[in-house]
Every structure is written in structure tokens, then in C-alpha cells.
Amino acid sequence: MASTKHVLLFGDSLTEGYTKRGWLFHPYGEKLQTLFDAANLDVQVTIDGLSGDRVIFLPWEHRLRTQLEKMRRSEIAYGAVVILGGINDVFSSADPQDIFDCLCTTYRLCVEFGVGHDEGSEDKMKRVAVNELLRSSPSSPFAGTKVPMTATRFTFFDLSDKFPLHRLSPEDKKLYWDDGVHCTAAGYDRMGELVFEVLKPLLGE
């Protein structure tokens, strides 16, 4: 029997599921867990969202490190960590480069703790690196040809492109968005569906 795969959802109010001015919390992770269960996938979702948190604040990194250290002590491995952060920083006076640098620190911390690592993954990544050199190096006889890129530790998912507030119809905007930043319960469920579509191929093997 396959062992349980673990997913950590980490972020701010959008991960915590803040809606109705804080009178209700409806994390998208609840819908995500329901979808994994319905697909008969043995995946356990952990939700760690904190409204108001900012990636440039030290508590952000400390909170993630605490989760990852807990994972290590429990001898479990996160097959994926979904990072959703920076929105509070964007609405502050923080410099875009500082926000980017702090997000990169967040991603490196996940790598440090082996998120997404399984047996043979390093070999896969080396293979991809060699393939990329074969494709791109000027000294390669294959330069300019397309070489499949199949193994990576990171997946960039542009939620604003898949779930755009400003391009929705008035009806959908009312259904999915509580204010200019946070979702309604239906909106968070939609987020869960979109994230499921990304994670299922990665965790459903």
C-alpha cells in the first residue's frame, strides 16, 4: 500500500481563507482535501495561513521553518509546499525586489528541507540539467533543438491569470470575490480546484 503523501499550504489570509471581514474563514485547502479524497488519492493537506503576515517579516520565515522542522521530527516528507504570499507586501511600502528576494528565501528553505525530494529525484534533475546543456550549449551538436524538460523541483502557478478578478463577469465577481483582495467561500473553493489541477499530476503517481 502506498504511503500517505503530504502537502503543506503556506501563506497569509488567502491561505487562511479570510472572508466576510474576518467573520468567516474558509481555506481553499478544505476543498483541496475533498478533491484528493474524491479522487482516491492518499494525500494529507496541512493548512498554515496567517492573515496579515508578510514575506519581508522574520515571523514568515520562522513560521515556515517551524512547519518544516515539525515535518522532519515526525519523519514525514512534504511532496509539495504551496506558497501563496506577498500580497500584503505589495500593498505596503515594500520594494518589489525585497519581496522577490524574501520569496526566493522561502523557496530555498523548502529545498533545504527536501520538499519534493524522493528516491531518484536528484538523478532526474541531473538528467534534465544535462539535457538542457545539450540543447542550449553553443558547443553541443544539438544546440537549438527541443529536449524534453520533465523533472523540476518548482512549479510556478499564476493564480492571477487563472482566476483574474478584473476579467470576471459581474456575476462571477460577485460569486467569487468578497472584496478587492479576498475571496468568498465559493471563490476559495474555486482556488482549491485550480490548485488541485496543478498538484494531481505531481502527487497522483
Side-chain angles (χ1 to χ4, degrees), residues 7-19 26-36 39 43 45-57 60-61 63-64 78-92 94-111 115-116 125 128 132 146 148-205:
V7 173
L8 172 64
L9 310 181
F10 185 84
D12 47 37
S13 56
L14 294 177
T15 298
E16 192 176 15
Y18 178 105
T19 190
H26 187 88
Y28 75 90
E30 294 179 355
K31 180 66 173 183
L32 182 62
Q33 183 68 70
T34 298
L35 292 170
F36 279 128
V43 177
V45 175
T46 299
I47 303 168
D48 187 349
L50 180 62
S51 296
D53 206 0
R54 293 166 59 182
V55 301
I56 63 171
F57 288 167
W60 169 274
E61 181 181 344
R63 191 159 57 90
L64 178 58
Y78 283 123
V81 174
V82 180
I83 305 292
L84 186 55
I87 189 66
N88 294 312
D89 305 87
V90 167
F91 287 114
S92 74
D95 182 78
Q97 184 65 48
D98 292 337
I99 299 172
F100 170 78
D101 291 342
C102 290
L103 283 170
C104 287
T105 298
T106 301
Y107 307 143
R108 285 193 291 268
L109 188 58
C110 292
V111 172
V115 172
M125 294 171 69
V128 166
E132 174 62 12
K146 185 176 181 180
M149 303 290 289
T150 57
T152 180
R153 190 70 68 86
F154 298 98
T155 298
F156 178 74
F157 176 59
D158 189 350
L159 184 62
S160 65
D161 179 62
K162 298 293 184 180
F163 195 34
L165 168 61
H166 300 294
R167 296 204 305 268
L168 294 176
S169 68
E171 294 78 11
D172 283 346
K173 190 179 296 185
K174 183 177 180 180
L175 174 64
Y176 292 132
W177 287 94
D178 182 49
D179 52 35
V181 177
H182 304 99
C183 299
T184 62
Y188 286 118
D189 284 347
R190 180 59 183 148
M191 281 177 56
E193 293 169 352
L194 292 169
V195 173
F196 176 74
E197 292 172 5
V198 175
L199 293 181
K200 184 181 178 182
L202 304 176
L203 300 173
E205 300 177 353

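Any value given below was found using the heavy atoms of this structure, including those in side chains, with hydrogens, waters and symmetry copies removed.
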(request) Quick one: closest heavy-atom pair of Ser51 and Tyr18, and the distance? (result) OG-CD1, 3.7 Å
Working to the nearest 0.5 Å, report the span between [atom1] of [X] and [atom2] of [Y].
| X | Y | atom1 | atom2 | answer |
| --- | --- | --- | --- | --- |
| Tyr107 | Cys102 | OH | SG | 11.0 Å |
| Met191 | Lys162 | CE | NZ | 14.5 Å |
| Lys173 | Asp178 | NZ | CG | 13.5 Å |
| Leu64 | Leu109 | CG | CG | 4.5 Å |
| Leu32 | Leu199 | CG | CG | 6.0 Å |
| Thr184 | Trp177 | OG1 | CH2 | 9.5 Å |

(request) Mind telling me whether Phe36 and Phe196 have parallel, tilted or perpendicular rings, with 30° and 60° as the class edges? (result) perpendicular
In chain order, what residues pass the salt bridge (Lys or Arg N to Asp or Glu O under 4.0 Å) check against [X], with sequence neighbours excluded?
| X | value |
| --- | --- |
| Glu197 | none |
| Asp48 | Arg63 |
| Asp158 | none |

(request) Just do the side-chain contact (heavy atoms from CB on, under 4.5 Å) check on Ile83 and Val81 with the steps written out, would you? (result) CA-CA 6 Å; Ile83 305 292; Val81 174; 3.5 Å; yes
(message) Tell me whether Arg167 is salt-bridged to Asp172, with the criterion being a basic N under 4.0 Å from an acidic carboxylate O.
(response) no
(message) Given 3.5 Å as the limit, does a donor-acceptor pair link the side chain of Ser13 with the main chain of Glu16, or not?
(response) no
(request) Examine distances only and state if a side-chain atom of Asp89 and a backbone atom of Ile56 form a donor-acceptor pair shorter than 3.5 Å. (result) yes
(message) One pair to check against side-chain contact (heavy atoms from CB on, under 4.5 Å): Thr15 and Tyr28. What are the steps and the verdict?
(response) CA-CA 7 Å; Thr15 298; Tyr28 75 90; 4.1 Å; yes
(message) Does either side chain, that of Thr106 or that of Trp60, offer a donor lying less than 3.5 Å from an acceptor on the other one?
(response) yes
(request) Show your reasoning for whether side-chain contact (heavy atoms from CB on, under 4.5 Å) applies to Phe10 and Ile47. (result) CA-CA 6 Å; Phe10 185 84; Ile47 303 168; over 6 Å; no
(request) Might you confirm whether atom CZ of Phe157 has over 12 heavy atoms from other residues, nucleotides or ligands at distances under 6.0 Å? (result) yes
(request) Could you give me the CA-CA distance, side-chain angles and deciding distance for Leu84 and Leu9, then say whether side-chain contact (heavy atoms from CB on, under 4.5 Å) is met? (result) CA-CA 8 Å; Leu84 186 55; Leu9 310 181; over 6 Å; no
